[in-house]
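Just below is one structure, and these are the notes that go with it.
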Amino acid sequence: MKIYRALKTRFGSGMWWPHETPFEVMVGAILTQQTVWKNVDLAIENLKKKGFMDPGPLAEAPIKEVEKCLRPSGFYKQKSARVQNLARYVTDNYNGDIGSFFDRGVDHVRNELLSLPGIGPETADSMLLFAGNRAKFVVDAYTFRVFTRLGVDFEGRYDVAQDFFEKRLPEDAELYKNFHANIVELAKNYCKVRPLCRKCPINEYCTYPGKRI
DNA sequence: ACCCAGGTGGCCC
DNA sequence: GGGCCACATGGG
């Protein structure tokens, strides 16, 4: 909670995941895997231009066309198959209605997402939090890096890390969104593989040996 | 010329 | 269950 407040003071609480629809968030969650957002944004714009940013049209789109759109976001063949599979799943089972897809027990929705190819724990939780507005804390590589340098041991496990945060924070989707966004901001600016610790806003909590460089 | 990026799935032991 | 590896483009 101290870290949350320190980061909020430094980075604020502006909206982070830009989108027009929940489905766009879900597609973006897959596209942003191991990829910078700038390239994801190009791919999303390409999909929108073709009218593919909806479950029905994306489900019906020729895969080659989808691949052309997704080229900038990397791993484009895999990602094309995966986003189209997601589109087909929600059209076939929920008539393309994302609202009704999320309108069930969180664990149930989460397991359903995890059963789809290309959706692992982080992507599922990103969808639940940012598209479904459910209070699921998202753990990514930045979260691991930042909190490992703060001296926390997650045993390298996603579920351990997630429990760590969900036990310590109020169950509040907006807070989770904000905290995750600010962890990413922190990591991109100060907590890279080679850290830039001089002006890091949470330096006083850090146990990383190189923090005095 | 490297190294990194808002992971996941497959294969091997 | 843990340790590699492929997947692919774009920027520092």
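Only this structure's heavy atoms are used, side chains among them; waters, hydrogens and symmetry mates stay out. Order of the sequence lines fixes the chain letters, A, B, ..., with proteins taken first and strands second; residue numbering starts at 1 for each chain.
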task = Please lay out, stage by stage, how A:Lys2 and A:Ile202 fare under the test side-chain contact (heavy atoms from CB on, under 4.5 Å).
result = CA-CA 9 Å; A:Lys2 275 192 300 187; A:Ile202 58 171; over 6 Å; no
inquiry  = Which residues pass the side-chain contact (heavy atoms from CB on, under 4.5 Å) test with A:Glu122, not counting sequence neighbours?
reply    =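 Partners of A:Glu122 under the side-chain contact (heavy atoms from CB on, under 4.5 Å) test: A:Ser126, A:Val138, A:Asp140, A:Tyr158.
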request  = Could I get the full list of side-chain contact (heavy atoms from CB on, under 4.5 Å) partners for A:Arg104, not counting sequence neighbours?
outcome  =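 If we apply the side-chain contact (heavy atoms from CB on, under 4.5 Å) test to A:Arg104, skipping adjacent residues, the hits are A:Tyr94, A:Phe101, A:His108, A:Val109, A:Glu112.
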For residues 68-75 of chain A, tabulate all N or O donor-acceptor pairs below 3.5 Å that involve a side-chain atom, not counting sequence neighbours.
from, atom 1, to, atom 2, distance (Å)
A:Lys68, NZ, A:Glu65, OE2, 3.3
A:Ser73, OG, A:Leu70, O, 3.0

ask   = From the 5' end of DNA chain C to its 3' end, which nucleotides mark the outer limits of contact with chain A, defined by a 4.0 Å heavy-atom distance cut-off (strictly under)?
value = C:dC7 to C:dG10
Mind listing the side-chain donor-acceptor pairs of residues 144-153 of chain A below 3.5 Å, one per line with the distance, residues two or more places apart or on another chain?
from, atom 1, to, atom 2, distance (Å)
A:Arg145, NH1, A:Cys191, O, 2.7
A:Thr148, OG1, A:Phe144, O, 2.5
A:Arg149, NH1, A:Lys192, O, 2.8
A:Arg149, NH2, A:Lys192, O, 3.2
A:Arg149, NH2, A:Val193, O, 3.3
A:Asp153, OD1, A:Glu155, N, 2.9

key: Step-by-step side-chain contact (heavy atoms from CB on, under 4.5 Å) determination, A:Met127 to A:Leu113   = CA-CA 9 Å; A:Met127 291 177 177; A:Leu113 286 168; 3.7 Å; yes
Residue pairs fulfilling side-chain hydrogen bond (donor to acceptor under 3.5 Å, both in side chains) with at least one residue in residues 25-34 of chain A, sequence neighbours excluded =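 Those involving residues 25-34 of chain A are A:Gln33-A:Thr123.
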Give [X] one of three labels, base, sugar-phosphate or nothing, depending on what nucleic acid heavy atoms sit under 4.0 Å from its own.
| X | result |
| --- | --- |
| A:Lys77 | sugar-phosphate |
| A:Glu122 | sugar-phosphate |
| A:Ile119 | sugar-phosphate |
| A:Leu114 | nothing |

query = Does any residue of residues 35-55 of chain A have a heavy atom under 4.0 Å from DNA chain B, and if so, which ones, in number order?
reply = A:Thr35, A:Val36, A:Trp37
query = In residues 164-172 of chain A, what residues come within less than 4.0 Å of DNA chain B, judged by heavy atoms?
reply =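 Heavy-atom contacts with DNA chain B come from no residue of residues 164-172 of chain A; none.
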task = Using only heavy-atom distances, determine whether the side chains of A:Lys177 and A:Ser13 contain a donor-acceptor pair under 3.5 Å.
result =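 Per modelled atom types, A:Lys177 and A:Ser13 side chains form no pair under 3.5 Å.
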Check for me, please, whether [X] and [Y] land in the same ILVMFWY cluster - side-chain distances under 4.5 Å, paths through other members count.
| X | Y | answer |
| --- | --- | --- |
| A:Trp37 | A:Met53 | yes |
| A:Leu42 | A:Leu31 | no |
| A:Leu175 | A:Val106 | yes |

remark   = So, with a heavy-atom separation below 4.0 Å from DNA chain C, the residues of residues 138-158 of chain A are none
Might you confirm whether atom [atom1] of [X] has over 12 heavy atoms from other residues, nucleotides or ligands at distances under 6.0 Å?
| X | atom1 | answer |
| --- | --- | --- |
| A:Asp92 | CG | yes |
| A:Lys77 | NZ | no |
| A:Glu60 | CD | no |

Could you give the side-chain donor-acceptor pairs of residues 160-168 of chain A under 3.5 Å, partners two or more places apart or in another chain?
from, atom 1, to, atom 2, distance (Å)
A:Gln162, NE2, A:Asp125, OD2, 2.9
A:Gln162, NE2, A:Phe137, O, 2.8
A:Glu166, OE2, A:Phe137, N, 2.9
A:Arg168, NE, A:Phe164, O, 3.0

request  = Starting from the 5' end of DNA chain B, give me the residue, A:Val193 or A:Ala124, whose nearest nucleotide shows up first.
outcome  =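 Checking each residue's closest nucleotide, the 5'-ward one belongs to A:Val193.
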inquiry  = If you assign A:Lys79 and A:Lys192 each to the DNA chain C nucleotide with the nearest heavy atom, which residue ends up on the more 5' nucleotide?
reply    =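 So the residue in question is A:Lys79.
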Would you be so kind as to tabulate the donor-acceptor pairs closer than 3.5 Å made by side chains of residues 4-12 of chain A, with sequence neighbours excluded?
from, atom 1, to, atom 2, distance (Å)
A:Thr9, OG1, A:Arg5, O, 2.9
A:Arg10, NH2, A:Tyr190, OH, 3.2

query = Mind checking which nucleotides bracket the chain A contacts on DNA chain B, 5' to 3', with an atom under 4.0 Å from a heavy atom?
reply = B:dC4 to B:dG9
query = If we take the P atom in both C:dG10 and B:dT8, what is their distance in whole Å?
reply =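 Approximately 23 Å lies between the P atom of C:dG10 and that of B:dT8.
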message = Taking the P atom in each of C:dG3 and B:dG6, what is the distance between them to the nearest angstrom?
response = 24 Å
